Amino acid sequence: MSRSGALAALAEPLSIVASALAGETIDVKLERPSDPDHGDYASTVALQLAKKLSRPPREVAGELATSIAGADALATEPEVAGPGFLNLRVSDAWYRDALAELLDAAGTYGGGSAATRERVQVELVSANPTGPLTVGSGRNGAYGDSVARLLEFAGNDVEREYYYNDAGTQMERFRASVDARRRGEEPPEDGYHGDYIAELATIDGDPIPAMLERIEQTLDRFRIGIDTWARQSELEIEIPAVIDELDTYEADGAVWIRSTEFGDEKDRVLIRSQDRGGLPTYEAADAVYMRKKFERGFDRLIYVLGADHHGYVPWLKALAAACGRESDAAEVLIYQLVHLVEAGEAKRVSKRRGDVVLLDELVDAVGIDAARWYLVTRGHDQAIEIDVELAAEKSNKNPVYYVQYVHARTSGIFREAEGAPVAPEPYAGIGDAERDLIKRLVEFPDIVAEATERRGPHAVPVYAVRVADDFHRFYHHHKVLQTHFDTVTPEQQRFRLALCRATQLVTARCLDLVGVASPARM
RNA sequence: GCGCCCGUAGCUCAGGGGAUAGAGCGUGUGCCUCCGGAGCACAAGGUCGCAGGUUCGAAUCCUGCCGGGCGCGCCA
């Protein structure tokens with residue numbers, strides 16, 4: 001949808017001709033061949049069309065080639081290769097236009113890809129305040145916040161919310177554990193035993209607000225800004241009224257919601273039977289909560305949950321349907337769990353026992369930038385094993401610094417350049433490293449659009465590393481600034497400064513999308 | 001038993017129908033009279049878990065199996 005103008009300009013004529021041939025709309029995608037002999041860009045559309053048209057693919061490719069031959073953006077005639085690939089070689093004019101487009105868009109380059117601007121709520125972390133945030137919550141936050149940043153960049157109106165339980169069994173156990181400590185006793189067997197319990201025992205009053213304050217500090221430090229906080233106790237008041245409006249029935253003394261009618265895999269209990277206490281379940285609070293979220297005007301509700309909650313997905317989807325919305329209005333993002341290892345051995349963790357690795361400990365060990373990078377760079381459906389000692393040891397080799405270095409280096413060049421002119425006009429005979437860098441940079445809009453659509457922010461740092469590769473190669477091969485012993489022409493300097501500026505813009509945006517700083521110096 | 005996720009280089013991971021499967025770390029070899037060497041160039045290293053299927057074309061889609069992670073409470 002929001003393809004970069006430069007790439008779209010190349011692909012569009014092909015799309016038109018291909019669509020005419022096929023009798024249906026075909027959106028031609030261009031790819032970058034790994035072998036430079038295959039041109040700057042290639043399309044496989046002829047191979048795909050050949051069967052439908054019952055014609056040899058090379059013949060179809062030839063027809064497509066003829067139809068776009070002579071375009072300004074092309075340096076040579078399109079070539080038909082292999083079984084029916086169509087290979088394109090782009091002109092200097094194309095590079096100029098591509099670079100100019102990027103520089104003009106500046107900080108908005110690649111943004112605004114949302115087809116319609118939605119009000120989106122991302123509910124993330126939502127760890128109950130019975131202890132400090134763990135690295136598992138850190139993954140939730142790093143993933144959820146990056147998705148939120150992508151959605152914002154695409155043009156949506158995004159709110160981050162943290163939901164917590166401030167009433168219920170776990171909370172009472174937590175309070176009882178702190179109280180026990182205050183009396184100088186050991187917390188109960190089923191209570192909480194971490195060191196932080198002893199710390200909380202030294203302050204008076206309800207320990208939950210103090211715990212929440214600590215959680216918020218950790219999140220701030222981790223560059224996650226929570227817009228709103230939701231408490232379960234506030235929702236519980238409205239449970240009876242909401243239940244009246246839902247499709248429920250009584251069985252075995254409990255009140256059930258007929259969620260299977262809305263696609264759930266089983267009906268769920270909303271009010272426990274008397275012999276189990278007769279109190280509402282967590283699901284009852286969910287029902288109230290989701291209804292209120294929709295009332296607040298959100299078009300889309302995103303839930304970020306660990307893989308241990310994946311059985312919850314059909315429930316939330318069904319609940320959206322029960323609220324009279326599309327089930328897709330509730331979107332559940334599942335990330336695989338973070339496993340802790342210690343000296344190669346899997347470690348059994350329990351929050352209650354207190355033997356966990358805290359997010360603060362990870363950040364202390366490797367720094368914020370490396371921690372966020374590390375937690376977001378692997379795909380969310382990949383389980384992470386983390387050994388904090390090893391992570392600390394390896395942190396100075398984290399690729400995040402390689403990418404940040406690009407930003408620092410370009411910043412340094414502009415400090416040195418002292419306002420020298422910048423222009424996207426290629427000088428005669430530009431180098432391959434310069435062309436490759438531009439080709440890399442113009443991929444950015446497609447990369448972010450796809451990362452946004454797929455809720456896969458890890459594509460952004462992966463791409464940023466490729467940008468860094470291409471930039472460092474360019475930098476190594478070409479001097480940017482004219483100095484007393486370098487022969488850089490004014491045309492070369494202007495153009496290369498434009499490349500530096502474009503690289504700096506794209507790199508800064510990539511880093512920001514994953515919550516990592518863009519340093520001017522390192 | 002049923003469901004979701006994963007299996008790609010020694011290690012950690014990208015790759016979601018295209019040409020010769022990539023990166024970082026680790027290993028080996030070169031490069032600082034040079035705008036920042038946190039860099040560059042090069043090398044070694046692969047039955048993409050196994051077996052079928054779909055396709056002109058499969059690491060990628062489908063089926064089965066093997067191995068690993070996580071679920072399947074009137075817990076929260």
Side-chain angles (χ1 to χ4, degrees), chain A residues 31 33-35 37-38 42-44 47-48 50-51 56-57 81-85 87 128 130 165 168-171 232 251-256 265-266 268-283 285-286 306-314 334-337 339 346 374 377-386 390-391 394 396-406 408-417 433 450 454 456 458-459 461-463 465-466 468-469 471-483 485-486 488 493 496-497 500 521-522:
Chain A
E31 39 197 85
S34 47
D35 184 341
D37 286 346
H38 297 146
S43 169
T44 58
L47 289 159
Q48 289 149 22
K51 188 174 185 185
F85 292 102
N87 296 339
N128 281 335
T130 55
N165 190 354
T169 323
Q170 295 301 328
M171 292 303 115
Q232 188 176 330
D252 306 325
V255 177
W256 299 68
E265 56 195 13
K266 59 189 175 189
R268 316 243 174 186
V269 171
L270 295 182
I271 307 289
R272 294 182 186 78
S273 56
Q274 283 307 318
D275 51 328
R276 305 232 191 178
L279 292 172
T281 59
Y282 197 82
E283 280 84 350
D286 285 337
D308 53 343
H309 287 78
H310 73 256
Y312 219 59
V313 178
I334 297 293
Y335 60 92
Q336 298 300 311
L337 300 179
H339 301 283
Y374 183 80
T377 300
R378 346 1 296 252
H380 53 269
D381 47 14
Q382 191 82 28
I384 291 182
E385 286 198 344
I386 187 165
L390 206 62
K394 287 181 135 181
N396 59 338
K397 288 162 189 157
N398 191 309
V400 70
Y401 301 116
Y402 178 65
V403 175
Q404 286 184 313
Y405 185 56
V406 170
R409 194 172 233 185
T410 49
S411 300
I413 290 167
F414 284 108
R415 278 193 298 272
E416 201 73 25
E450 194 178 343
R454 284 167 51 171
H458 69 282
V462 167
Y463 165 76
V465 170
R466 295 202 201 108
D469 281 338
F471 177 75
H472 286 308
R473 199 166 299 123
F474 151 75
Y475 182 83
H476 187 258
H477 288 301
H478 302 288
K479 294 279 172 278
V480 176
L481 297 178
Q482 167 91 64
T483 63
F485 43 48
D486 286 318
V488 177
Q493 176 171 310
R496 288 172 185 162
L497 281 172
C500 290
R521 290 187 165 83
M522 286 175 76

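What you see is a predicted model; the values in this text were computed from it and never measured. Letters go in sequence order (proteins before strands), and every chain restarts at 1.
Within 4.0 Å (heavy atoms only), A:N87 reaches at least one base atom of the nucleic acid. Across all strands, A:Q404 comes closer than 4.0 Å to no nucleic acid atom at all (heavy-atom distances). Using a 4.0 Å heavy-atom cutoff across all strands shown, A:A417 reaches no nucleic acid atom at all. Residue-level contact check: A:E283 touches the bases, meaning some heavy atom is under 4.0 Å from a base atom. In this structure, A:V480 reaches the bases: a heavy-atom distance under 4.0 Å links it to at least one base atom across the strands shown. Within 4.0 Å (heavy atoms only), A:D252 reaches at least one base atom of the nucleic acid. Within 4.0 Å (heavy atoms only), A:H472 reaches sugar-phosphate atoms of the nucleic acid but no base atom. Residue A:Y282 is classed as a base contact, given a heavy-atom separation below 4.0 Å to a base. Residue A:G277 is classed as having no contact, given no heavy-atom separation below 4.0 Å to the nucleic acid. Note on A:R473: only backbone sugar-phosphate atoms sit closer than 4.0 angstrom, heavy atoms only; bases stay farther off. Base engagement by A:A254 is indicated by at least one non-hydrogen atom pair under 4.0 Å involving a base atom. Residue-level contact check: A:H478 touches the bases, meaning some heavy atom is under 4.0 Å from a base atom. Backbone-only contact: A:L337 has heavy atoms under 4.0 Å from sugar-phosphate atoms and none from a base.
An OP1 or OP2 oxygen of B:C75 is reached within less than 4.0 angstrom by a side-chain nitrogen or oxygen of A:R272. Dashed line: the shortest gap from a side-chain N or O of A:Q382 to OP1 or OP2 of B:A14 is under 4.0 Å. A:R276 has a side-chain polar atom (N or O) that falls below the 4.0 Å cut-off from OP1 or OP2 of B:C75. For A:Y402 and B:C40, the shortest distance from a side-chain N or O to OP1 or OP2 is below 4.0 Å. When the side-chain nitrogen and oxygen atoms of A:H339 are compared with OP1 and OP2 of B:G68, none of them lie within a distance under 4.0 Å. Contact annotation: A:K397 side-chain N/O to B:G26 OP1/OP2 distance is under 4.0 Å.
Mapping A:G412 and A:E265 onto RNA chain B via the closest heavy atom, the residue that lands nearer the 5' end is A:E265. Nearest-nucleotide mapping onto RNA chain B: of A:N398 and A:K266, the residue sitting toward the 5' end is A:N398.
Between the side chains of A:R378 and A:H458, no donor N or O sits under 3.5 Å from an acceptor N or O.
Base pairing annotation: B:C11 forms a Watson-Crick or G-U wobble pair with B:G24, both donor-acceptor distances under 3.5 Å. Pairing of B:C70, defined by two Watson-Crick or G-U wobble distances under 3.5 Å, is identified with B:G3.
The backbone N or O of A:N165 sits less than 3.5 Å from a side-chain atom of A:N128, completing a donor-acceptor pair. Although no hydrogens or angles enter the test, the distance criterion places a donor-acceptor pair under 3.5 Å between the side chain of A:D35 and the main chain of A:D37.
Of the listed nucleotides (B:A76, B:G39, B:C70), B:A76 has the atom at the smallest distance from the side chain of A:Y312. Nearest to the side chain of A:H309, among B:G36, B:A76, B:G18, sits B:A76. Checked against B:A38, B:C74, B:C6, the side chain of A:Y401 finds its nearest nucleotide in B:A38. Listed nucleotides: B:C70, B:A19, B:C35. Nearest to the side chain of A:D308: B:C70. Of the candidates B:U12, B:C74, B:G18, the closest approach to any side-chain atom of A:R378 belongs to B:U12. Of the listed nucleotides (B:G16, B:G73, B:G39), B:G39 has the atom at the smallest distance from the side chain of A:R409. Each of B:G36, B:C6, B:A19 was ranked by its minimum atom distance to the side chain of A:A408; first place goes to B:G36. Here B:C5 is the nucleotide among B:C74, B:C56, B:C5 with the atom lying nearest to any side-chain atom of A:Q336. Taking the side chain of A:Y475 as heavy atoms from C-beta on, and the options B:G37, B:A38, B:A76, the nearest nucleotide is B:G37. Here B:C35 is the nucleotide among B:G36, B:C35, B:G16 with the atom lying nearest to any side-chain atom of A:K479.
The same atom, C1', is picked in B:G49 and in B:G26; the two are 24 Å apart, to the nearest Å. Nucleotides B:C62 and B:U54 place their P atoms 15 Å apart, quoted to the nearest Å. On the P atoms, B:G52 is 45 Å away from B:G39, given to the nearest whole Å. Only the P atoms considered, B:A59 is 15 Å distant from B:U8, to the nearest whole Å. A distance of about 30 Å separates the P atoms of B:G30 and B:U47, rounded to the whole Å. One P atom belongs to B:G18, the other to B:G57, and the distance between them is 14 Å to the nearest Å. Of the P atoms belonging to B:A58 and B:C2, the separation is 31 Å, rounded to the nearest Å. Look at the C1' atom in both B:U60 and B:G16: the space between them is 6 Å, to the nearest Å.
Looking at A:Q493 and A:K479, their side chains never come closer than 4.5 Å, going by heavy atoms from C-beta outward. At a threshold of 4.5 Å between non-hydrogen side-chain atoms, the residues A:Q382 and A:Y335 do not count as touching. You'll find the side chain of A:W256 stays beyond 4.5 Å of the side chain of A:L270, heavy atoms only. Side-chain atoms of A:M522 and A:Q404, non-hydrogen and from C-beta on, do get closer than 4.5 Å to each other. Between A:V403 and A:P461, every side-chain heavy-atom pair lies at or beyond the 4.5 Å cut-off.
For the pair A:N87 and A:A81, the tightest heavy-atom approach, listed with the atom from each and the gap, is ND2-CB, 3.4 Å.
Atom NZ of A:K51 and atom C1' of B:G18 are 16 Å apart (whole Å). A:I384 has its CD1 atom 14 Å from the P atom of B:C6, to the nearest Å. Remark: C1' of B:A14 and NE2 of A:H380 are 14 Å apart, rounded to the nearest angstrom. A straight line from OH of A:Y374 to P of B:C25 spans 15 Å, rounded to a whole angstrom. Straight-line distance from the CD atom of A:E450 to the P atom of B:A14: 15 Å, rounded to whole Å. Going from atom NE2 of A:H310 over to atom C1' of B:G3 covers 6 Å, rounded to whole Å. Between the CD atom of A:Q48 and the P atom of B:G57 there is a distance of 14 Å, rounded to whole Å. Rounded to an integer number of Å, the gap from CG of A:D35 to C1' of B:U20 is 8 Å.
Applying the 5.5 angstrom centroid cut-off and the 30 degree plane-angle cut-off, the aromatic ring of A:F85 is not stacked upon the base of B:G18.
With hydrogens and angles ignored, a donor-acceptor pair closer than 3.5 Å exists between the side chain of A:R454 and the base of B:G16. Looking at A:S273, its side chain comes within 3.5 Å of the base of B:C74 through a donor and an acceptor atom.
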Check step by step if ring pair (Phe, Tyr, Trp, His ring centres under 6.0 Å) holds for A:F474 and A:F471.
-> CA-CA 5 Å; A:F474 151 75; A:F471 177 75; 5.8 Å; yes

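Taking the O4'-C1'-N9-C4 or O4'-C1'-N1-C2 dihedral as appropriate, B:C4 has a value more than 90° from 0 and is therefore anti.
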